[in-house]
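These numbers come from the heavy atoms of this one structure, side chains and all, not from hydrogens, waters or symmetry mates. All figures in this text were calculated on a predicted structure; none of them were measured in a lab.
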Amino acid sequence: MTERRHDREFVRTFFTSPTAVEGEEDSAKMLRRAAQLRGMQAPDVWVPDNEDATAPSMRDEGVENIIEVVSEHGADFPGEIHPRMVWHRDSPTTRYQGFQHMLDVADPERGAIEHIDGFVIPEVGDIDDWKKADEFFTIVENEHGLEEGSIAMSVIIESGQAELAMGTLREEMGKPTNNLERLFLLVDGEVDYTKDMRAITPTGALPEWPELRHNTSRGASAAGLIAVDGPYDDIRDVDGYHERMQENQAKGMLGIWSLTPGQVVEANQSPLPPKTGSWLFDTGDGEVELDSEDGVEVYEGDRVSLSETTDGYELTIGGSTRVLDSDELHEELLNMTAYIPSMDDIVDSMEEFEAAKEAGRGAIAMERSATLRIGDTEVDIATDRMWDEATYQAAMTPISLFQDVYENRPDQHEELMEMYGEDVVERAMEVGL
């Protein structure tokens, strides 16, 4: 795995706030609210957004608001702070405006830069455009006597040019002619990407762009960066937001844009292992979560039924009935079930493998068993999964994320303790070290 270049190894939440709200007595009110978020409502990365979220006529005032609010509240904010500046690959005027705004925010005499971790640059183009932004960062740092490379740069992938540029990052970073090692996040911006690609859907809805999300995750992994998905703008669709995050997590994209504190809570919790394990049951019409009653996993739907006969069992799925013997039924039910391990389950398995490795064993079998009840019929199922070093390292990802969160977000300690319990938290902080 490519070495990460910044303090945070994982970013779950990328939360934007307008820097100046027109027509308000206090135009910085949204910044002030965001700056005081704590616990699960506070993002890993807060982005005072002086681009799309702020009207062009208010952006100069927005810069002053960033300086004022971050100077006052930045020391106590629990996440990182990365203001979003204006930029555009095709507009020198816009790039110059963004440069001037960065110069203002980074002035040590204004008191904000000591609490700011980096800037977010939107609308980047090919790799030469990324280098232009990097050069402006270097000039800002030299102008104010800051260490070169000390201000992180995150970019928003909003064009085909930017998507292709990710393929050259690995070879470009580290050259003496640039400071691209300052790169931190690669963030998808599907709305502008759709415009740039001239994509059309029958309903006018935004395409899901799974290829872009995969390419961004791959580009981030290759370059030692962190991938973040773009905004999910139906803020009431909690199930859809969860589904999107699960799809992303299977691609290695563990972070997502959040538009409200409620979305921040959902996104902060989503990649963490669950408190309790659960069994999923595939009915042929989708998966359902089984209810656990006194150690028995119960299916209560009507699409699947099971009864015991003198010859074995009758298993009916969606109106189609099969007669199976005990071994055949066991195999069929194993194919229909899947287990989502809890934090405690993952830690137990990792501790068991660590003990086996300490004893000189390279691989061990881990059994997973359950009693299923379908209708009035109960059946025991069990399966063995081989654990070796590769399995251990794969299981380490959610634990590493938890450890990163616990180390960097002390404001979430109380909620994490309530979620998992003190014993599990302490053990999770020890495995893999």
Side-chain angles (χ1 to χ4, degrees), residues 210 239-240 242-252 270-353 355-356 361-399 424:
D239 290 339
H242 275 282
E243 183 176 346
R244 178 73 166 215
M245 287 187 285
Q246 288 181 346
E247 291 174 0
N248 289 342
Q249 289 158 16
K251 295 178 173 69
S270 178
L272 295 172
K275 178 181 179 179
T276 58
S278 59
W279 285 88
L280 300 179
F281 190 60
D282 188 349
T283 67
D285 192 30
E287 288 184 325
V288 297
E289 185 173 324
L290 298 178
D291 295 324
S292 186
E293 299 178 1
D294 298 324
V296 177
E297 308 304 320
V298 181
Y299 171 71
E300 295 182 335
D302 55 11
R303 181 173 171 80
V304 179
S305 62
L306 178 65
S307 59
E308 191 168 2
T309 69
T310 55
D311 297 324
Y313 295 88
E314 286 188 355
L315 177 65
T316 301
I317 304 176
S320 177
T321 300
R322 298 165 59 194
V323 177
L324 306 171
D325 64 26
S326 179
D327 289 341
E328 291 170 332
L329 177 66
H330 184 269
E331 188 67 25
E332 185 67 23
L333 291 177
L334 283 179
N335 291 333
M336 296 173 68
T337 54
Y339 185 69
I340 300 176
S342 66
M343 171 76 91
D344 196 17
D345 293 326
I346 297 172
V347 172
D348 279 344
S349 296
M350 296 186 73
E351 289 175 338
E352 187 174 340
F353 181 76
R361 298 165 63 190
I364 60 173
M366 301 272 194
E367 183 183 75
R368 181 75 63 197
S369 62
T371 300
L372 304 184
R373 182 189 302 153
I374 303 172
D376 296 327
T377 305
E378 292 188 0
V379 180
D380 293 328
I381 61 170
T383 185
D384 288 334
R385 182 188 181 191
M386 292 303 299
W387 268 63
D388 57 15
E389 185 64 28
T391 312
Y392 174 83
Q393 292 298 331
M396 190 65 208
T397 297
I399 299 299
V424 174

For Asp327 and Asp325 the tightest heavy-atom approach is N-OD1, 3.1 Å
Rounding to 0.5 Å, atoms NE2 (His330) and CG (Leu372) come to a distance of 9.0 Å
Answer yes or no: does atom CG of Asp376 have more than 12 heavy-atom neighbours from other residues, nucleotides or ligands under 6.0 Å?
no
Apply the test side chain to side chain contact (heavy atoms under 4.5 Å, CB included) to residues Arg303 and Thr316: give CA-CA distance (whole Å), side-chain angles for both, the deciding distance (0.1 Å), then the verdict.
CA-CA 8 Å; Arg303 181 173 171 80; Thr316 301; over 6 Å; no
Within the structure provided, determine whether Val288 and Leu280 are in side-chain contact (heavy-atom separation under 4.5 Å).
no
Residue pair Ser342 / Pro273: nearest heavy atoms and the distance that separates them:
C-CB, 4.5 Å
Measuring only between side-chain heavy atoms, which start at C-beta, is Gln249 closer than 4.5 Å to Ser270?
yes
Met366 side, atom CE; Asp345 side, atom CG - distance, nearest 0.5 Å:
11.0 Å
Determine, stepwise, if the pair Val304 / Ile374 fulfils side chain to side chain contact (heavy atoms under 4.5 Å, CB included).
CA-CA 8 Å; Val304 179; Ile374 303 172; 4.3 Å; yes
Measure the OH-OG1 distance between Tyr339 and Thr383 for me, rounded to the nearest 0.5 Å.
14.0 Å
For a 4.5 angstrom cut-off between non-hydrogen side-chain atoms, does Met343 reach Ile399?
yes
When rounded to the nearest 0.5 angstrom, what is the spacing between CD in Gln393 and CZ in Phe353?
8.5 Å
Quick one, Leu315 with Ile317, criterion side chain to side chain contact (heavy atoms under 4.5 Å, CB included). Give me CA distance, side-chain angles, the key distance, then yes/no.
CA-CA 7 Å; Leu315 177 65; Ile317 304 176; 4.1 Å; yes
With a 4.5 Å heavy-atom cut-off, do Asp380 and Ser369 have their side chains touching?
no
What one should report as the nearest heavy-atom pair of Ser307 and Thr377 is CA-OG1, 3.6 Å
To the nearest 0.5 Å, how far apart are CH2 in Trp387 and CE in Met350?
6.0 Å
Nearest heavy-atom contact between Ala395 and Ile346 is O-CG2, 4.0 Å
Check against side chain to side chain contact (heavy atoms under 4.5 Å, CB included), Leu306 and Glu314
CA-CA 6 Å; Leu306 178 65; Glu314 286 188 355; over 6 Å; no
So which atom in Thr391 and which in Arg385 form the shortest heavy-atom distance, rounded to 0.1 Å?
CG2-NH2, 3.6 Å
What I want to find out is whether Glu300 reaches Arg373 closely enough, with some N-O distance under 4.0 Å, to be called a salt bridge.
no
CD1 of Ile381 to CG of Leu334: how many Å apart, nearest 0.5 Å?
5.0 Å
Testing the 3.5 Å rule here: is there a donor-acceptor pair between the side chains of Glu297 and Thr371?
no
Tyr299 vs Phe281 aromatic rings, parallel, tilted or perpendicular, using cut-offs 30° and 60°?
tilted
Which atom names give the shortest non-hydrogen contact between Ala382 and Glu367, and what distance separates them?
CB-OE2, 4.1 Å
